[in-house]
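Remarks on the structure that follows.
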2 protein chains.
Amino acid sequence: MITEAAKDSIRAVIYIALYREDREFISIKEIAQTLNLSFYFLSKNLLKLVKAGILESFRGPKGGVNFKKDPKEVKLIDIISAIDGTYIFESCILGFKECSETNPCAIHNKWAEERKRLYDMFNISVKKVADEIKSGEIKNIKI
Amino acid sequence: MITEAAKDSIRAVIYIALYREDREFISIKEIAQTLNLSFYFLSKNLLKLVKAGILESFRGPKGGVNFKKDPKEVKLIDIISAIDGTYIFESCILGFKECSETNPCAIHNKWAEERKRLYDMFNISVKKVADEIKSGEIKNIKI
DNA sequence: AAATTTTAAGATAATTTTATCTTAAATTTG
DNA sequence: CAAATTTAAGATAAAATTATCTTAAAATTT
């Protein structure tokens, strides 16, 4: 569905939203250690979010990353798009380069509906996900 | 979502269901040429379907592959399972090894619903897909 | 100013997936 | 029986993704 890179990155931004509080920057080391992710791999991936204008970064001690955009405005789909691209939500499930209503593959209609739903599923802001977690509605949740 | 191997294989079985008529075996060469797929890659993948008991094969001139199981009984999900495994329909969208209702990730509930729908989408028989195509309900369809 | 910390950038390697080729075995055709 | 055709099996290579490491640059701390 989505790459490991995108999965790690989504977990990272949720972590930042949950635990940054009033800190200026959260070090990637802290994120990687807490989430049990590879520091190297996460660094590379978060850098893409920096370049996409979603996060900002700062070097040196006290350095790290933080949201550049308001997490209310950052959707999970934006993370996925920045890391994996939007191809998965636009492409034909049977691999045709062109596949549309007017010249569909055998299961175009079914997939078109599901990929729209998947898009909608990820079209939720980081803030909203973080707030759901904070609210305690969901028991035993893992970050 | 699903691998290229699975995509090719789904197209191949739909092709066989549509065009085998009363022939005993359909050569992989014919399938690959008609569908514009790599003969080498398709051979390898269809072999997996043979080993999974979905197709049967026969060597020599007049050789090829054909359904072993009735295409009414073969679901697209069976093709995907034989080629890619069922992992995608069971796994956590954020990559956790264990993720369930009782110990969920941040978007477990949303993804659990969507992956169920994806499973259902592929839980359609090859015969049904082929019949839909033959019926002509869908205009300008590509195989 | 020197040492330390942290991201930036890019090199390198491992793994997985995709693609191609070769040889063998089974079957038919001539 | 020899030649041709087709799948079977496995070797090899290419491409993409994941993982790790190294060096540089920026900032802070001492």
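Convention: sequence-line order gives letters A, B, ...; per-chain numbering from 1. Quantities reported herein were computed from a predicted structural model and do not represent experimental measurements.
The interatomic distance linking A/F25 (CZ) with C/dA8 (P) rounds to 10 Å, in whole Å. In this structure, A/E30 atom CD and C/dT5 atom C1' are separated by 14 Å, rounded to whole Å. Rounded to a whole Å, the CE atom of B/M1 is 15 Å from the P atom of C/dT17. With rounding to whole Å, B/F41 atom CZ is found 16 Å from D/dG10 atom C1'. B/E4 places its CD atom 12 Å from the P atom of D/dA16, with the value rounded to the nearest Å. Residue B/I88 contributes atom CD1, which lies 15 Å from atom C1' of C/dT17 at whole-angstrom precision. In this structure, B/E24 atom CD and C/dT28 atom C1' are separated by 13 Å, rounded to whole Å. We find that CG of B/L42 is positioned 12 Å from C1' of D/dT7, with the value rounded to whole Å.
Phosphate contact (OP1/OP2 of C/dT29, side-chain N/O of B/K62, threshold under 4.0 Å): present. Contact between the side-chain N/O atoms of A/S43 and the OP1/OP2 oxygens of C/dA8 is not found at any separation under 4.0 Å. Proximity of B/Y40 to the phosphate of C/dC21: a side-chain N or O atom is located under 4.0 Å from OP1 or OP2.
Remark on DNA chain D: of its neighbouring residues A/D8 and B/F39, the 5'-side contact belongs to B/F39, judged by nearest-heavy-atom nucleotide.
Of the residues in residues 44-58 of chain A, those with a non-hydrogen atom less than 4.0 angstrom from any atom of DNA chain C are A/K44, A/L47, A/K51, A/S57, A/F58.
Taking only side-chain atoms of A/S38, from C-beta outward, the nucleotide of C/dA19, D/dA27, D/dT20 with the closest atom is D/dT20. Taking only side-chain atoms of B/K29, from C-beta outward, the nucleotide of D/dA19, D/dT28, D/dT6 with the closest atom is D/dT6. In the set C/dA24, C/dT5, D/dA25, C/dA24 carries the atom at the smallest distance from any side-chain atom of B/R59.
Taken to the nearest 0.5 Å, the CG atom of B/D78 stands 11.5 Å off from the OG1 atom of B/T86.
Residues B/Y15 and B/E30 have side chains that bring a donor and an acceptor to within less than 3.5 angstrom of each other. Side-chain contact annotation: B/D84 with B/T3, donor-acceptor N/O pair under 3.5 Å present.
Cation-pi contact between A/K75 and A/F122: absent, since separation from the ring centre below 6.0 Å together with deviation from the ring axis within 45° is not met.
A donor-acceptor contact shorter than 3.5 Å is absent between the side chain of A/D8 and the backbone of A/L42.
A salt bridge between B/E113 and A/R117 is present, with a side-chain N of the basic residue lying under 4.0 Å from a carboxylate O of the acidic one.
Through direct or indirect side-chain contacts shorter than 4.5 Å among Ile, Leu, Val, Met, Phe, Trp and Tyr, A/F25 is connected to A/F58.
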